K.L.:
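The structure under discussion is supplied below as C-alpha cells; questions concerning it will follow.
A quick note: this is a predicted structure, and the numbers were derived from the prediction, not measured.
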Amino acid sequence: MLSAEAAAETRRQDGNAYFRREKFAAAIDAYTEAFTLCPDVAVYWTNRALCHRKRNEWTRVEEDCRRAIELDHGSVKAYYLLGLSLLEKQEFSGGVKELEKALDLGRGANPELYMVDKIWEALAKAKHMKWEHESVERSWELQMLKEACETALEVKHAIDISQIEGPIDEAVKSISEQFAALDRVFDKAAEADIPTEVPDYLCCRISLDILRDPVITPSGFTYERAVILDHLQKVGDFDPITREPLDPSQLISNYAIKEAVDAYLAKHGWAYG
C-alpha cells in the first residue's frame, strides 16, 4: 500500500498529465486529492492555481497562491501568479509588489531561469497599468485645480477692473500674463506623464529597448544581459560594436546604469509600456 506522500505524488503526476492535455478540471481534481493527502506541499497548491488561471478563476488563483506562500516563502510561481491575480482585480500596487517579490526570488535562485523573463514582462505591464491608472487621476486633479485657479484669477481680474478709473490696458496685460504663467506651471506639472524618447544611455545597444538587467563588457559598452548572451550564442563570441573577442564570463553587472534606469522609470512610468 502506498504511503500518503507517494499517493499524493502520483496524483500530482496525474494532474500534470491532465494539464498538458488541457483537461484543467481533471487536473484540479488530481491536485486537490494530492494536497488532501499532503496539505503542506506548496507545489500542489501552485499547480492547482495554474489550472484556475487557465480557467480565469482569479479569486481561486489568489486563494491557492496565498496558501502556497504560507507553506513556502520562496515560491517564485506562487508570488508570480498571486501578482497576476491581483492585477486582474485592478489592485495595481499589490500586484506590482508581489511580482517584484517573484522577480527578486527568481533572480536569486537562478538568474537564467526562464520564468525571470516572464515575470519581468508581467511586472513591466503591471507598472505601466499602474502608471496609466495614476496618470488619469493626476490629469483629472490637475485639470480641476487649473480650472479653480483660472476662476479665481477671473474673479480677481473683474474686481481689479471695477476699481480702476481710466484706461485698463495695463490691468488687461497683467491678467494675460498671469494666465500665461498659470499655463506654464500646469504644463510643467504634467510633463512627467507625457511619453518622450528614453535616453540612449538607458537602452540596450542591440535591442534599443530600455535596460532591465544591464551588463558591461571590457570594451565599456552596456547591453541587456539576455540579448548579449543570445548574440554570443547565435552570432559569435565577439562584442557586436567593437568586434573584439568576448566571453560570457567577462560580462559584469552594470549597477550604476541599473540604478539610473530604476530612477528614470520611477519618474516616467510610461516607459514601461
Side-chain angles (χ1 to χ4, degrees), residues 58-59 62 82-101 103-104 120-205 207-212 214 222 224 254-273:
W58 292 103
T59 298
E62 179 183 355
L82 177 57
L84 296 184
S85 70
L86 293 177
L87 292 180
E88 287 293 324
K89 296 167 62 178
Q90 296 194 341
E91 295 182 13
F92 302 114
S93 294
V96 166
K97 177 183 176 182
E98 303 304 339
L99 289 171
E100 286 179 334
K101 182 67 174 178
L103 187 62
D104 288 343
W120 169 259
E121 290 172 4
L123 179 58
K125 181 179 178 181
K127 289 193 172 184
H128 190 264
M129 292 168 63
K130 181 174 181 286
W131 166 78
E132 282 187 319
H133 178 73
E134 293 176 348
S135 176
V136 169
E137 290 187 345
R138 282 192 297 270
S139 178
W140 177 253
E141 290 171 356
L142 282 174
Q143 183 60 33
M144 295 293 289
L145 181 58
K146 183 179 180 182
E147 290 176 1
C149 291
E150 288 173 341
T151 299
L153 274 178
E154 289 170 354
V155 171
K156 181 178 181 298
H157 176 55
I159 294 173
D160 291 345
I161 293 296
S162 68
Q163 295 175 348
I164 295 176
E165 295 181 0
I168 61 171
D169 293 350
E170 286 299 320
V172 171
K173 179 181 178 182
S174 176
I175 193 66
S176 296
E177 291 174 348
Q178 290 176 12
F179 272 107
L182 190 65
D183 285 339
R184 290 194 297 272
V185 168
F186 280 93
D187 286 346
K188 185 67 175 178
E191 276 184 2
D193 285 329
I194 299 175
T196 58
E197 291 293 326
V198 176
D200 289 343
Y201 73 95
L202 299 180
C203 298
C204 175
R205 300 297 293 269
S207 69
L208 303 183
D209 292 329
I210 192 165
L211 293 156
R212 66 175 190 263
T222 296
E224 178 63 33
N254 192 332
Y255 293 113
I257 289 295
K258 180 68 169 64
E259 289 181 4
V261 169
D262 290 344
Y264 186 84
L265 289 173
K267 293 183 179 180
H268 306 89
W270 51 263
Y272 281 107

K.L.:
In Å and rounded to the nearest 0.5 Å, what is the NE2 to CH2 distance from H128 to W270?
P.N.:
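Those atoms lie 9.5 Å apart.
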
K.L.:
Taking the basic N atoms (NZ, or NE/NH1/NH2) and the acidic carboxylate oxygens, is any pair closer than 4.0 Å for K188 and E191?
P.N.:
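Between E191 and K188 there is a salt bridge, with a charged N closer than 4.0 Å to a carboxylate O.
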
K.L.:
May I ask you to check whether over 12 heavy atoms, not counting those of Q90, lie within 6.0 Å of atom CD?
P.N.:
no

K.L.:
Between E100 and V96, is a side-chain contact (heavy atoms from CB on, under 4.5 Å) present by the stated rule, with each step listed?
P.N.:
CA-CA 6 Å; E100 286 179 334; V96 166; 3.7 Å; yes

K.L.:
From H268 NE2 over to T196 OG1, what is the distance, rounded to the nearest 0.5 angstrom?
P.N.:
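Taking NE2 in H268 and OG1 in T196, the distance rounds to 6.0 Å.
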
K.L.:
Can you check whether F179's main-chain N or O pairs, donor with acceptor, with E150's side chain at less than 3.5 Å?
P.N.:
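It does not hold such a pair.
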
K.L.:
Output the distance between atom CG (N254) and atom CD (E259), rounded to the nearest 0.5 Å.
P.N.:
9.5 Å

K.L.:
Can you tell me how far the CD atom of Q178 sits from the SG atom of C149, to the nearest 0.5 Å?
P.N.:
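It is 11.5 Å, given to the nearest 0.5 Å.
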
K.L.:
Contact between W131 and R138 at the side-chain level, heavy atoms closer than 4.5 Å - yes or no?
P.N.:
yes

K.L.:
With distance as the sole test, does S85 use its side chain to make a donor-acceptor pair with the main-chain N or O of L82 at under 3.5 Å?
P.N.:
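It does hold such a pair.
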
K.L.:
Applying side-chain hydrogen bond (donor to acceptor under 3.5 Å, both in side chains) between Q143 and each of K146, E141, E147, report the one that passes.
P.N.:
E147

K.L.:
Taking the side chain as every heavy atom from C-beta outward, state whether D262 and K258 have any pair of such atoms under 4.5 Å apart.
P.N.:
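Side chain of D262 against side chain of K258, heavy atoms only: contact under 4.5 Å found.
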
K.L.:
Is the count of non-hydrogen atoms from other residues, nucleotides or ligands lying under 6.0 Å from K97 atom NZ greater than 12?
P.N.:
no

K.L.:
Is there a side-chain contact between I175 and I161 (heavy atoms, below 4.5 Å)?
P.N.:
no

K.L.:
Can you tell me how far the CD atom of E134 sits from the OG atom of S93, to the nearest 0.5 Å?
P.N.:
6.0 Å

K.L.:
Going through the checks in order, is the side-chain contact (heavy atoms from CB on, under 4.5 Å) test met by D209 and E224?
P.N.:
CA-CA 9 Å; D209 292 329; E224 178 63 33; over 6 Å; no

K.L.:
Is it the case that over 12 heavy atoms from other parts of the model lie below 6.0 angstrom from the CD atom of E137?
P.N.:
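Counting neighbours around CD of E137, more than 12 heavy atoms of other residues, nucleotides or ligands fall under 6.0 Å, so yes.
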
K.L.:
At their closest point, which heavy atom of L211 faces which heavy atom of C203, and how far apart are they?
P.N.:
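Closest approach of L211 to C203, heavy atoms only: CG-C, 3.7 Å.
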
K.L.:
Nearest 0.5 Å, what's the SG-CD1 distance between C204 and I257?
P.N.:
12.0 Å

K.L.:
In the structure I gave you, are the side-chain heavy atoms of L265 and I210 within less than 4.5 Å of one another anywhere?
P.N.:
yes

